Amino acid sequence: MTQHSDPMNERVDDVRRKLDVDVCSLYLAHPDRQTLEIVATSGLHQSVIGKQLSYDQGLTGKVARTRLPVVARVIQDHADYFHVEGSGEERFKSYLGIPLEHDGELHGVLVVQTEQTKTFFHRHIQEVHSAGRDLMASLMALTSVSGFVTH
């Protein structure tokens, strides 16, 4: 498990407030292991920091696997739904996750969730992409600290 500081949580909290969503979580990609590590969250229980998902698990894994945005109006109804134990995510209804890539490499996934059922449109995807660009430098710094080479 990698240790990460509160400034990253502050950054995702800023994104959560800016986008007016109930959850914003940032996952660091470990391509060599095909896993994602939760490095920051605003809205889920902080105990999930450091938990890992494989690229085969859940909606967030699907984002990593396909490198495409994934949207679910009702998370639990989605075929790829996977519950992260201890996250407190049961109360959230809608999901939008986007890949965070640089120079063709996946560095992470940025996820937003809402308590109220919401339809995410193209403009919402664009807003999350914009927020993701703001977080990319911090995420790339984590990948170099974690021993991954960035291009």
Side-chain angles (χ1 to χ4, degrees), residues 1-72 75-76 78-92 94-115 120 124-151:
M1 235 186 276
T2 312
Q3 288 295 341
H4 303 289
S5 60
D6 287 338
M8 191 64 86
N9 269 339
E10 291 170 16
R11 307 251 347 245
V12 295
D13 189 51
D14 288 345
V15 171
R16 181 190 59 77
R17 283 190 316 248
K18 179 181 175 190
L19 297 177
D20 193 28
V21 292
D22 300 302
V23 172
C24 180
S25 300
L26 183 63
Y27 294 75
L28 175 65
H30 296 286
D32 61 329
R33 299 189 309 249
Q34 298 282 290
T35 61
L36 296 164
E37 178 184 354
I38 303 172
V39 294
T41 187
S42 175
L44 297 180
H45 296 154
Q46 291 298 301
S47 62
V48 299
I49 302 286
K51 286 204 176 188
Q52 308 242 344
L53 298 172
S54 81
Y55 285 14
D56 293 329
Q57 290 178 300
L59 299 164
T60 306
K62 183 174 184 172
V63 174
R65 205 169 52 249
T66 64
R67 294 188 181 197
L68 296 169
V70 172
V71 175
I75 299 168
Q76 292 82 358
H78 197 283
D80 291 299
Y81 174 70
F82 174 81
H83 175 72
V84 176
E85 196 65 38
S87 65
E89 68 183 357
E90 317 62 48
R91 71 183 191 273
F92 302 108
S94 298
Y95 172 102
L96 168 58
I98 61 149
L100 297 175
E101 296 180 285
H102 180 72
D103 287 343
E105 266 191 60
L106 180 70
H107 291 275
V109 174
L110 182 61
V111 171
V112 297
Q113 294 171 269
T114 60
E115 284 188 33
F120 288 106
H124 298 114
I125 295 170
Q126 292 302 100
E127 289 170 353
V128 175
H129 269 292
S130 177
R133 280 191 294 278
D134 294 344
L135 291 170
M136 183 57 86
S138 300
L139 196 60
M140 288 177 68
L142 284 179
T143 57
S144 9
V145 168
S146 298
F148 296 104
V149 178
T150 57
H151 295 91

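The analysis underlying the following values was restricted to heavy atoms, covering all of them including side chains, and did not include hydrogens, waters or symmetry mates. Numbering of residues begins at 1 and proceeds along the displayed sequence. Computed from a predicted model, the values in this text were never measured in an experiment.
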Would you say [X]'s side chain and [Y]'s backbone share a donor-acceptor pair under 3.5 angstrom?
X	Y	result
R67	E101	no
E89	V84	yes
H78	A72	no
S130	Q126	no
K51	E85	yes
D80	G58	no

Rounded to the nearest 0.5 Å, how far apart are [atom1] of [X] and [atom2] of [Y]?
X	Y	atom1	atom2	result
S42	D22	OG	CG	9.5 Å
R91	E115	CZ	CD	5.0 Å
M8	I49	CE	CD1	10.0 Å
T114	L19	OG1	CG	12.0 Å
I75	F92	CD1	CZ	8.5 Å
R65	D56	CZ	CG	5.5 Å

In terms of relative ring orientation, are Y81 and H83 parallel, tilted or perpendicular, with 30° and 60° separating the classes?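 Aromatic pair Y81/H83 classed tilted.
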Would you call [X] and [Y] a side-chain contact if the rule is heavy atoms closer than 4.5 Å?
X	Y	answer
Y95	T60	yes
T41	Q46	yes
H30	D32	yes
V23	V112	no
F120	V70	no
Q113	V111	yes
F82	L53	yes
V109	I98	no

Shortest non-hydrogen contact between [X] and [Y], atoms and distance:
X	Y	result
G86	S47	O-OG, 3.6 Å
L100	G132	CD2-CA, 3.5 Å
S25	L44	OG-CD1, 3.6 Å
L106	A29	O-CB, 3.8 Å
L36	A64	CD1-CB, 3.8 Å
R16	C24	CB-CB, 3.7 Å

Salt bridge (charged side-chain N to carboxylate O under 4.0 Å, His left out) between D20 and R17, intermediate numbers included: CA-CA 5 Å; D20 193 28; R17 283 190 316 248; over 6 Å; no
Please walk me through it: do L68 and V63 pass side-chain contact (heavy atoms from CB on, under 4.5 Å)? CA-CA 6 Å; L68 296 169; V63 174; over 6 Å; no
Could you give me the CA-CA distance, side-chain angles and deciding distance for Q52 and R33, then say whether side-chain contact (heavy atoms from CB on, under 4.5 Å) is met? CA-CA 10 Å; Q52 308 242 344; R33 299 189 309 249; 3.7 Å; yes
Count the heavy atoms belonging to other residues, nucleotides or ligands that lie under 6.0 Å from CD of E90, then report whether that count exceeds 12.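 Yes, because the 6.0 Å sphere around CD of E90 holds more than 12 heavy atoms from other groups.
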Quiz question: by atom type and distance under 3.5 Å, do the side chains of Q34 and S54 form a donor-acceptor pair?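 Judged by distance alone, the side chains do not pair up.
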